[in-house]
Amino acid sequence: MMASHSTAAAHSRADKLMKRRSRIRFYEVVIWLAAIAAYFLLPSKMLILTEIAILALFAVSLDLVLGFAGIVSLGHAAFFGLGAYIAGLVALHYVAEPVTGLVLAGLAAGIFGFLTSFLILRGSDLTRLMTTLGIGLMMAELANQMAWLTGGADGLSGFSLNPIFGLFEFDLFGKTGYVYCLVVLFIGTMIMRRIAFSPFGLSLKAIKSNPMRAGMIAVPARKRIVTIYTIAAAFAGIAGALLAQTTSFVSPDVLAFHRSADVLMVLTIGGTGYLYGGVFGAVLFTLVKDWLSVVTPQYWMFWIGLILVVLVLIGRERLTGWIGYLPERFSKKEDRR
């Protein structure tokens with residue numbers, strides 16, 4: 001009786017902890033309200049806001065495998081680019097309805113992520129890094145060589161999209177495109193947030209911290225890594241599809257190495273392991289890049305690199321310590337109620 005009582009008490013404490021961890025934080029509400037306000041306050045910046053939303057979804061998908069499972073990838077652009085090409089090909093040859101292309105792109109990228117996930121189960125972190133880089137490079141070369149399907153170096157163009165659900169037509173100012181991308185980003189982030197702050201997400205943290213110890217407590221590390229890698233690939237493909245649909249153009253650039261490097265830089269700026277680092281990082285990275293490309297068009301990459309070096313030397317924790325403080329502070333207030 002005593003053993004069963006202590007077990008029940010432990011389960012009760014665990015349930016309370018999970019509920020507390022999964023609560024919507026105050027800063028999350030501020031982020032989404034700010035994104036909605038940007039639609040009304042910045043009507044001339046719809047294109048850059050759309051770019052931020054797409055990059056944020058791409059970064060959040062990578063944070064699932066990097067921040068929670070501890071898998072560093074230099075080939076995440078392979079799923080992003082595949083999703084972009086699938087969305088473009090579907091719109092060009094089959095169905096011009098955007099949501100259909102979005103779902104098919106996510107499914108295709110998820111399947112490809114599942115097939116390639118077995119390659120990252122072996123070896124060390126360096127082996128995984130090189131394996132993911134190799135997958136990305138192969139996909140980029142395939143897109144370049146299969147000109148009959150992808151358009152090769154000239155890219156895939158000539159497709160247009162019907163109104164979303166037959167109701168919301170894309171406009172020249174990009175307002176519909178921004179709302180469309182923001183809604184997809186919100187839904188995708190909420191789904192990934194639910195995954196991350198579930199028992200499944202906690203098991204990923206355990207695998208990241210100590211794979212051997214996780215195996216000793218019956219956590220199936222291989223299955224969990226395959227699952228989260230597949231999910232992350234699907235959301236990266238959806239992000240790529242959004243880019244193709246909002247620009248009506250797909251080129252081999254979506255599979256280029258710099259896509260994977262950029263999204264890693266975004267997470268370096270925003271932080272990993274809490275998902276919203278991808279959102280914060282995407283905002284800062286895109287705005288700084290846009291400003292520097294205007295101020296110093298020829299040397300903006302130098303300044304981006306310098307900022308990254310300074311960030312590493314100072315320490316991201318010192319610069320973004322308030323991000324960890326806000327959730328803790330507000331959760332304590334909620335616990336006292």
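These values consider heavy atoms only, across backbone and side chains, with no hydrogens, waters or symmetry-generated copies.
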Cluster overlap Leu64 with Ile187, hydrophobic side-chain contacts below 4.5 Å: yes
Pairwise side-chain contact, Phe302 with Leu292, heavy-atom cut-off 4.5 Å (strictly under): no
Heavy-atom check, side chain of Phe200 versus side chain of Ile228, under 4.5 Å: yes
Which atom of Gln245 lies closest to which atom of Pro98, heavy atoms considered: NE2-O, 2.7 Å
Gap separating the CZ atom of Phe173 from the CE atom of Met46, nearest 0.5 angstrom: 11.5 Å
Close side-chain approach of Phe26 and Ile31, heavy atoms under 4.5 Å: no
Main-chain N/O of Asp290 paired with Ser293 side-chain donor or acceptor, under 3.5 Å: yes
Aromatic Phe68 / basic Lys205 pairing, under 6.0 angstrom, 45° off normal: yes
Shortest non-hydrogen contact from Gly174 toward Thr50: O-OG1, 4.1 Å
Working for side chain to side chain contact (heavy atoms under 4.5 Å, CB included), residues Thr176 and Glu169: CA-CA 7 Å; Thr176 302; Glu169 187 173 359; over 6 Å; no
Non-hydrogen atoms of Thr132 and Leu74 that approach each other most closely: OG1-N, 3.0 Å
Straight-line distance of Thr116 OG1 to Ile135 CD1, nearest 0.5 Å: 4.5 Å
Mutual orientation of the aromatic rings belonging to Tyr39 and Tyr178 [parallel < 30°, tilted 30-60°, perpendicular > 60°]: parallel
Exceeds 12 heavy-atom contacts within 6.0 angstrom, atom CH2 of Trp32: yes
Phe285 vs Phe280 side-chain heavy atoms within contact, under 4.5 Å: no
Side-chain heavy atoms of Ile225 within contact of Lys223, under 4.5 Å: no
Salt bridge (Lys or Arg N to Asp or Glu O under 4.0 Å) partners of Glu51, counting only residues at least two apart: Lys289
Other residues, nucleotides, ligands: >12 heavy atoms within 6.0 Å of Met301 CE: no
Ile71 vs Arg128 side-chain heavy atoms within contact, under 4.5 Å: yes
Expected output: side-chain Ser260 to main-chain Ala77 donor-acceptor under 3.5 Å: yes
Any donor-acceptor N/O pair, Thr286 side chain to Val283 backbone, under 3.5 Å: no
Residue that, paired with Phe79, satisfies ring-ring contact (aromatic ring centres under 6.0 Å, His included) out of Phe58, Phe114, Tyr229: Tyr229
Closest heavy-atom pair and its distance - Val266, Gly278: CG1-O, 3.6 Å
Atom pair OG1 (Thr230) and CZ (Phe235), whose distance is rounded to the nearest 0.5 Å: 12.0 Å
CG-CE distance between Leu57 and Met192, expressed to the nearest 0.5 angstrom: 5.0 Å
Residues His76, Ser61; criterion side chain to side chain donor-acceptor pair (under 3.5 Å); working and verdict: CA-CA 9 Å; His76 210 57; Ser61 71; 3.1 Å; yes
Taking every non-hydrogen atom, the tightest pair across Arg224 and Ser203: NH1-OG, 2.6 Å
Within 6.0 angstrom of Leu172 CG, more than 12 heavy atoms from elsewhere: no
Quiz: residues 150-166 side-chain donor-acceptor pairs under 3.5 angstrom, not counting sequence neighbours:
residue: Thr150; atom: OG1; partner: Ala143; partner atom: O; Å: 2.5
residue: Thr150; atom: OG1; partner: Met146; partner atom: O; Å: 2.9
residue: Thr150; atom: OG1; partner: Gly152; partner atom: N; Å: 3.3

Side-chain donor/acceptor of Thr272 to backbone N/O of Asp63, under 3.5 Å: no
Euclidean distance, Thr296 OG1 relative to Ile304 CD1, rounded to 0.5 Å: 9.0 Å
Atom of Ala109, atom of Ala233 and distance for their closest heavy-atom approach: CB-O, 3.3 Å
Inter-residue atom distance Leu255.CG - Leu142.CG, 0.5 Å rounding: 9.0 Å
